[in-house]
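Ligands are counted one by one from 1 in listed order, and the atoms in each one are counted from 1 as well. Note that the numbering runs from 1 along the sequence shown for the chain. Both backbone and side-chain heavy atoms feed into the values below; hydrogens, waters and symmetry mates do not.
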Amino acid sequence: MEPVYLDMDPGHDDALALLVALACLPVQGVTVAAGNQTVDKTLRNARRVIDAAGVPALALRQGAEHPLFRPLVTAGSVHGTSGLDGYDFHDLHPMQESSEPALGWLRSQMAGNREPATWIATAPLTNVASFILGHPDLLGRIGMISLMGGALQGGNITECAEFNFYVDPDAAAIVLGSGIPIRMVGLDVTHKALLSQSGIQRFRQLKGKVGEMLYGLFTFFADHEPDATDQGVPIHDVLAVAAASHPEFFTWLSADLTVERCDPHCRGQVQIVKGTALGSLQVATDIDTGRFFAWMWDVLEGQYGS
Ligand code: BDR
Ligand code: CA
């Protein structure tokens with residue numbers, strides 16, 4: 001299978017997405033951006049999850065400290081001051097991270113791969129857009145981007161915008177307009193895939209640190225995610241992993257989209273572009289939640305089960 005890269009801002013749902021991706025895809029490395037928290041924290045959180053997953057040698061590189069052209073907006077009210085509140089990580093021996101910047105590392109990776117890569121992006125799209133702008137000669141090395149962001153209807157940080165697209169709308173517009181094949185998984189489907197209380201309890205049956213970690217993290221997240229309901233809490237980012245490996249779980253609409261950058265009231269809103277037909281952009285409009293959850297539990301229990 002083609003090499004897979006993750007760009008994230010862990011973040012509770014990013015942490016779950018990372019664990020699931022590591023268990024089922026040939027992940028070559030992880031880059032982090034600022035988003036749910038500042039990038040020093042998202043880097044530390046990615047390290048904690050990678051270590052908990054038992055793959056400490058996996059490449060991890062720090063990317064953007066702030067959006068392309070705007071000040072950073074974080075989501076501390078949802079993910080806590082650490083960005084991963086709800087579990088005590090006991091950081092006794094924090095690892096020294098490579099100082100090689102994410103973009104340089106990605107450049108050498110993409111240039112060296114024999115096959116075009118799959119890129120799963122679950123943060124504000126600052127790193128992805130910077131790569132696209134900086135390396136037009138390497139765009140053909142990206143086979144597909146599966147991203148969590150945006151919404152055809154509604155929003156979560158404002159009435160009309162989803163968080164990742166709101167934080168860096170300029171980056172989102174660059175990525176959506178790049179012509180690279182994209183699967184966009186937005187709130188239209190992530191608000192349908194709710195992790196119930198019994199699902200959160202089920203994490204405890206996973207062995208070692210992963211089980212207790214996911215249980216603590218998602219107990220916190222269910223209390224703080226504003227779109228959690230009696231039915232459960234949205235687990236947004238892992239759906240972008242599912243979309244990369246199992247697009248058949250979703251209903252897709254082919255559409256050309258852009259993102260509002262100028263009007264402050266609609267900042268980050270997804271808009272359908274009339275009259276163009278790049279044909280490379282697929283938006284998820286529905287999800288078979290039964291098949292998705294059966295797959296997610298199979299992956300988690302296959303890798304981390306007792
Ligand atoms: C997205 O925003 C972040 O808070 C989550 O990690 C997810 O990527 C949901 O809108
Ligand atoms: Ca995220």
Protein heavy-atom partner closest to atom 10 (O) of ligand 1 - residue, atom, separation in Å: E162 OE2, 2.4 Å
Minimum-distance protein heavy atom relative to atom 4 (O) of ligand 1: N36 OD1, 2.6 Å
Residue Q197 excluded, over 12 heavy atoms near CD under 6.0 Å: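 No.
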More than 12 heavy atoms of other groups within 6.0 Å of D137 CG: yes
Heavy-atom gap D14 to ligand 1 smaller than 4.0 Å: yes
Sub-4.0 Å heavy-atom approach of H79 to ligand 1: yes
Can you sort out which atoms of ligand 1 are near [X], meaning under 4.0 Å from one of its heavy atoms?
X    : value
D13  : 5 (C), 6 (O), 7 (C), 8 (O)
T122 : 8 (O)
H236 : 9 (C)

Approximate separation, where rounding is to 0.5 Å, of H246 NE2 and I287 CD1: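 So the NE2 of H246 and the CD1 of I287 are separated by 12.0 Å.
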Separation of T258 OG1 from I272 CD1 (nearest 0.5 Å): 12.0 Å
Identified side-chain contact (heavy atoms from CB on, under 4.5 Å) partner of I50 from the options N45, V30, L19: V30
Aromatic contact, F221 with F218 (centres under 6.0 Å):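 Yes: the rings meet the under 6.0 Å criterion.
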Aromatic ring proximity W105/Y5, centre distance under 6.0 Å: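 For W105 and Y5, the ring centres are under 6.0 Å apart.
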Structural part of N156 in contact with ligand 1, heavy atom criterion under 4.0 angstrom: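 Near ligand 1, N156 shows its side chain, while the N, CA, C and O stay back.
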Heteroatom proximity flag, D9 to ligand 1, N/O under 3.5 Å: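 D9 vs ligand 1: no N/O contact under 3.5 Å.
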Shortest heavy-atom approach to atom 2 (O) of ligand 1 - which of Y166, F163, F221: F163
Donor on one side chain, acceptor on other, T42 and Q37, under 3.5 Å: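 No, Q37 and T42 have no side-chain donor paired with an acceptor closer than 3.5 Å.
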Under 3.5 Å donor-acceptor, Q28 side chain and P26 backbone: yes
Count of N, O or S atoms belonging to protein, less than 3.0 Å from the Ca ion (ligand 2):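 There are 5 of them.
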Least distance between heavy atoms, P136 atom then L133 atom: CD-O, 3.7 Å
Worked verdict on R61 versus E97 for salt bridge (charged side-chain N to carboxylate O under 4.0 Å, His left out): CA-CA 8 Å; R61 298 290 185 277; E97 300 301 342; over 6 Å; no
